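Report on one structure; see the data block that follows.
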Amino acid sequence: MANFQHLEILRQGVEIWNQWRLDEQKSVLTIDWHDLNLCEANLTAVNLEGANLREADLSEANLERADFREANLAKTSLIATQALETNFQKVILTGACIED
């Protein structure tokens, strides 16, 4: 189930999201969102295990140390993301765009 507080913060824009992440130092998120624009979002070290991010735009997002185990990233844009030490075990990537 989605955390609606997180969703409402994201709907305010990536700049608001990134500032909230810095202020709150949140590391665990429960996400069941699809078709969101998360371009340039700071998702460093978040737990996105099992998240539904189908058709989301994660272009240029910081995904370092994030946990995407068993997440649905089908048709998601991952262009120019930072993904050092990111866990992509058993991720669905069907139709995802990962090239520049």
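Along the sequence shown, residues are numbered consecutively beginning with 1. Keep in mind that what you see is a predicted model, and the values were worked out from it rather than measured.
- Taking each heavy atom of Ala66 and Leu43 in turn, the nearest pair found is CB-O, 3.7 Å.
- Put simply, the side chain of Asn18 gets close to the backbone of Glu40: a donor and an acceptor are under 3.5 Å apart.
- Contact between Ala61 and Leu38 at its shortest, heavy atoms only, is CB-O, 3.9 Å.
- Summarising the geometry of Leu48 relative to Ala71, their closest heavy-atom pair is O-CB, 3.8 Å, with the distance given to 0.1 Å.
- One distance of note links OG1 of Thr81 with CG of Leu58; it measures 7.5 Å at 0.5 Å rounding.
- Remark: Asn37 CG to Ser77 OG distance equals 9.5 Å, nearest 0.5 Å.
- Cluster annotation: Ile16 and Leu36 are assigned to the same hydrophobic cluster (Ile/Leu/Val/Met/Phe/Trp/Tyr, side-chain heavy-atom contacts under 4.5 Å, transitive).
- Counting heavy atoms from C-beta on, the side chains of Leu78 and Leu63 come closer than 4.5 Å.
- For the atom pair Glu49 CD and Asp67 CG, the distance stands at 5.5 Å (nearest 0.5 Å).
- Between Gln82 atom CD and Asn42 atom CG the span is 9.0 Å, to the nearest 0.5 Å.
- In this structure, the side chains of Lys75 and Arg54 come closer than 4.5 Å at one or more pairs of heavy atoms.
- Evaluation of the ring pair (Phe, Tyr, Trp, His ring centres under 6.0 Å) test over residues 37-71, restricted to residues two or more places apart or in two chains, returns Phe68-Phe88.
- Residue Ser59 holds its OG atom at 12.5 Å from CD1 of Ile98, rounded to the nearest 0.5 Å.
- The main-chain N or O of Leu53 is found under 3.5 Å from a side-chain atom of Thr76 such that the two form a donor-acceptor pair.
- At a threshold of 4.0 Å, the pair Arg65-Glu85 does not count as salt-bridged, since none of the basic side-chain nitrogens sits closer than that to a carboxylate oxygen.
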